[in-house]
Each structure stands twice: as structure tokens, then as C-alpha cells.
Amino acid sequence: MTGFADRVEHVSISGIRKVFEAAGEDAINLGLGQPDFPTPDHARRGAIEAIESGMADAYTSNKGTLQLREAIAAKYDRDYGYDIDPADVIATSGGSGALHLALETHVNPGEEVIFPDPGFVSYDALTRIADGTPKPVPLREDLTLDPATVEGAITDDTAAFVVNSPANPTGAVQSEADMREFARIADEHDVLCLSDEVYEHILFEGRHHSPFDFAETDNVVVISACSKTYSMTGWRLGWVVASNRRIERMLRVQQYGQACASAPAQYAAEAALTGPQETVREMVDTFERRRDLVIDGLTDAGLEVPTPEGAFYAMPNVPEGWCDEVLDRGVIVVPGDAFGANGEGYARLSYATGTEDLKQALEIIDDATRAVR
Ligand SMILES: Cc1ncc(COP(=O)(O)O)c(C=O)c1O
């Protein structure tokens with residue numbers, strides 16, 4: 001009888017999926033991990049025109065089209081003043097594809113990968129798929145990741161640590177001082193810092209900071225995507241930016257595992273990145289208004305919740321039985337322990353859903369909280 005590889009047997013199906021399966025058909029869904037906005041028209045048109053002219057019929061370069069990589073480099077110059085060589089970019093199948101490339105390329109069997117707990121579910125799973133050893137670390141009270149915690153968890157076997165700001169599932173944003181520290185840790189300990197920046201534009205206060213800006217070595221690899229910024233989760237287009245020697249290694253994984261990112265998606269992404277950016281601002285303004293509504297509602301219900309400064313999630317501290325009670329009353333939330341053992345006692349609420357639904361959900365949450373107290 002054929003068996004299965006241990007690396008796959010040790011990965012379970014995401015707890016988020018389980019909640020969706022348990023929910024009734026007309027439940028209000030605060031479990032979603034994608035913006036509830038359409039992809040901008042000019043991005044869609046970029047793909048349509050490429051398809052109609054036959055440009056999207058063939059493989060592109062393994063790294064992605066030069067025009068797309070130039071658009072990604074120009075984006076980094078426009079947003080942060082970085083000087084990125086388009087040769088140091090690989091277009092991937094979403095941020096997920098980029099995370100996979102980075103971990104496959106940098107983690108030897110048994111080597112450790114440190115990541116936030118609670119944190120995005122893929123860090124644990126992709127570490128296992130790379131035959132690495134997951135090393136989840138707890139967060140501060142305000143749900144940010146303390147560089148000192150990361151530094152304390154580094155051993156001789158550490159290959160990488162993951163920084164994610166703004167973060168899923170917490171909405172927390174790391175300070176500039178933290179990012180400087182993460183860069184220093186990557187430099188001094190000679191470990192890879194994987195900076196997952198897929199929510200870089202969904203930020204309500206201040207500006208986005210990356211350890212990439214502060215590192216003196218090439219030990220920081222940046223991952224981002226069109227998925228959240230342009231509401232393009234279905235298009236599957238992300239990228240990784242790193243030094244040339246790292247890109248050339250990651251390209252070996254990309255070349256044989258994927259060949260290249262989907263060509264129509266590459267043309268859509270190029271149009272999204274080079275076209276008007278107003279839709280991003282409008283979406284972020286809407287998320288900020290909803291964030292305020294949700295935080296007020298949760299606080300009025302008597303729950304403690306750090307104010308998220310980015311992404312579209314809130315993560316309140318909840319009493320025992322709360323998630324089941326809320327789900328029974330028709331509101332889908334994700335129990336915090338779906339994001340790691342330290343997520344127990346929390347729940348993730350996504351406000352990527354309309355205001356009227358949010359208001360109704362908050363009323364239900366208020367009643368449910370009273371019922372379990
Ligand atoms: C923190 C984080 N990183 C990466 C991803 C993957 O994004 P993509 O849809 O571009 O693969 C997600 C998706 O939810 C995410 O929340």
C-alpha cells in the first residue's frame with residue numbers, strides 16, 4: 001500500500017474551514033480573509049486585453065514578465081523610495097506562493113522557523129511542508145511581536161523568523177523601532193527574516209515600515225501581493241523581493257514547481273500597480289470606519305480588544321464558550337486557537353463585510369456575550 005509523506009500527514013486542514021462548514025446558510029460571515037470590494041476595472045481590463053491580443057497564451061519568463069517586475073520595482077520606489085532591480089523579483093501565485101518559495105529555499109530538514117502565535121496559518125503548515133520545525137512564539141499584550149521574544153527563541157538550528165505587519169489575525173502593526181530590531185537580529189544572528197507585507201497598504205495610522213529598510217545584510221526577504229491591496233485574491237498574484245543570490249535559488253523552486261505565475265494574472269497585476277491608486281485609499285478609508293464601528297461594538301459588549309491599526313481583523317479576548325455561542329446565533333467568527341495555541345481565549349473577527357451586516361452582528365455579539373458571562 002502506498003503511504004503518505006510525514007510532512008503532509010503533519011499538516012491539518014485549516015480551522016477556519018471547519019468554522020465555515022459548521023455555520024448555517026444565512027449566517028453573517030465575519031470569518032472572511034479577503035476584501036469585499038471588486039477588483040479595480042483597469043486591472044480586469046489589463047487581463048482582458050492581454051487575453052484578447054493573445055499575449056497571455058504562452059509561458060512568461062519564470063520570474064514573470066519584465067513589465068510586471070518593472071511595475072513592482074516602480075511601486076517600491078513610489079511607496080518607500082527603494083531601489084529594486086526588476087531582476088530581483090519573482091512573480092508568484094499569490095503571497096502564498098512567495099512564502100512557499102522562500103521557505104523551500106532557505107529551510108533545511110529539521111531547521112527551525114520562528115513565527116508569531118497567534119499568526120497566519122500558513123507559517124506553521126509551510127514550515128512543515130519544507131521539512132522544517134515550527135517554532136511559534138507568543139505576542140505582547142497588544143498583540144504585536146516583541147523582537148526580544150524572537151531573539152530569545154533563536155538557536156543554532158534557526159533558519160528563519162517571520163514578521164507580519166499589518167498582521168493576520170490580529171490587525172496589529174509593528175513600530176519602526178521593532179522593525180529596526182528585526183533587521184538587527186537578522187543581521188547579527190545571520191538568520192533569514194521573512195517579512196510578510198501582504199497588508200502593507202491597509203494601514204490606518206502612520207506609514208508602513210519594513211525590516212528590509214534597515215538591514216545591512218541581504219537577510220531580509222519581502223513578500224507581498226495584489227491580493228489584499230487591490231482585492232485580487234482570486235487572481236493569485238504575489239511576489240518575492242530579495243537579493244539576487246536568494247532570488248536565483250528561489251527561482252529553482254519556481255521553475256520546477258510552477259514554471260511561472262499565471263500570465264493573465266500578471267497582466268492584471270501590472271495594470272493594477274501602474275494604474276490609478278484611488279480605489280486603494282477608498283477601500284482603506286472604508287475599512288477604517290468599519291474598524292471603529294467594530295471596536296466600539298466589542299468594547300460596549302464588555303470585551304477587551306487592542307485597537308487594530310491595519311489589515312481588516314480585530315482580535316478580542318473572549319470568555320469560554322463565546323465562539324460557539326456567537327456561531328449558534330448565526331455569526332461566523334474564527335476561534336483564536338485556529339491561529340496557534342496562544343490564540344486560545346481570543347477570536348478573530350473580519351470586518352471585510354458590509355456595515356449593515358456588521359451592525360447586526362455586533363448586536364448578536366452583545367447578546368451572546370451577556371449569555372456566556
Ligand atoms: C498574512 C498573510 N500572508 C499571506 C497571505 C496569502 O495571500 P495570497 O492570497 O496572496 O496568497 C494571507 C492571506 O490571507 C495572509 O493573511
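Nothing fancy with the numbering, it's 1 onward along the sequence. One-based numbering, in listed order, for ligands and for the atoms of each.
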Undergrad: Determine, step by step, whether Tyr267 and Arg45 satisfy the side chain to side chain contact (heavy atoms under 4.5 Å, CB included) criterion, reporting the C-alpha distance in whole Å, the side-chain angles of both residues, the deciding distance to 0.1 Å, and the verdict.
TA: CA-CA 9 Å; Tyr267 287 101; Arg45 273 200 310 277; over 6 Å; no
Undergrad: Quick one: which ligand 1 atoms are inside 4.0 Å of a heavy atom on Gly94?
TA: 10 (O), 11 (O)
Undergrad: Can you sort out which atoms of ligand 1 are near Ser227, meaning under 4.0 Å from one of its heavy atoms?
TA: 8 (P), 9 (O), 10 (O)
Undergrad: Judged by atom type as modelled, is there a donor-acceptor pair below 3.5 Å linking the side chain of Arg329 to the main-chain atoms of Ile365?
TA: no
Undergrad: Considering heavy atoms of the protein only, find what lies nearest to atom 14 (O) of ligand 1 and give residue, atom and distance to 0.1 Å.
TA: Lys228 NZ, 2.7 Å
Undergrad: Tell me yes or no: between the side chains of Arg246 and His106, is some donor less than 3.5 Å from an acceptor?
TA: yes
Undergrad: Is Trp235 near ligand 1, meaning one of its heavy atoms is under 4.0 Å from it?
TA: no
Undergrad: Go through ligand 1 atom by atom and flag the ones less than 4.0 Å from a non-hydrogen atom of Ala225.
TA: 10 (O)
Undergrad: Write out the residue and atom name of the closest protein heavy atom to atom 3 (N) of ligand 1, then the distance separating them to 0.1 Å.
TA: Asp196 OD2, 2.5 Å
Undergrad: Looking at ligand 1, is there an atom of it that comes within less than 4.0 Å of some heavy atom belonging to Gln34?
TA: no
Undergrad: Of all the heavy atoms in Val198, does at least one lie under 4.0 Å from an atom in ligand 1?
TA: yes
Undergrad: Can you confirm, on distance only, whether ligand 1 has an N/O atom lying under 3.5 Å from any N/O atom belonging to Tyr123?
TA: no
Undergrad: If you measure from the Lys or Arg side-chain nitrogens to the Asp or Glu carboxylate oxygens, is any gap between Glu270 and Lys75 under 4.0 Å?
TA: no
Undergrad: Quick check: does Asn168 get an N/O under 3.5 Å from an N/O on ligand 1?
TA: yes
Undergrad: Out of the candidates Phe37, Tyr313, Tyr199, only one should pair with Phe287 under the ring-ring contact (aromatic ring centres under 6.0 Å, His included) rule; please name it.
TA: Phe37
Undergrad: Would one find an N or O of Ser93, backbone or side chain, under 3.5 Å from an N or O of ligand 1?
TA: no
Undergrad: For the backbone of Gly64 and the side chain of Arg69, can you confirm whether one donor and one acceptor N or O come within less than 3.5 Å of each other?
TA: yes
Undergrad: I'd like to know if Arg180 and Glu176 make a salt bridge, using a cut-off of under 4.0 Å between side-chain N and carboxylate O.
TA: yes
Undergrad: Can you sort out which atoms of ligand 1 are near Asn164, meaning under 4.0 Å from one of its heavy atoms?
TA: 1 (C)
Undergrad: Listing request: all salt bridge (Lys or Arg N to Asp or Glu O under 4.0 Å) pairs with a residue in residues 103-114, at least two apart in sequence or in separate chains.
TA: Glu112-Lys135
Undergrad: Return the residue, atom name and 0.1 Å-rounded distance of the protein heavy atom closest to atom 12 (C) of ligand 1.
TA: Phe120 CZ, 3.3 Å
Undergrad: Regarding Asp124 and Arg128, does a basic nitrogen lie under 4.0 Å from an acidic carboxylate oxygen?
TA: yes
Undergrad: Got an N/O contact under 3.5 Å between Gly95 and ligand 1?
TA: yes
Undergrad: In plain terms, say whether Arg184 and Glu181 are close enough for a salt bridge, that is, a side-chain N and a carboxylate O under 4.0 Å apart.
TA: yes
Undergrad: What's the shortest distance from atom 9 (O) of ligand 1 to any protein heavy atom, and which residue and atom give it?
TA: Arg236 NH1, 3.0 Å
Undergrad: Polar contacts were defined as any N/O atom of the residue lying under 3.5 Å from an N/O atom of the ligand; does this apply to Ser96 and ligand 1?
TA: yes
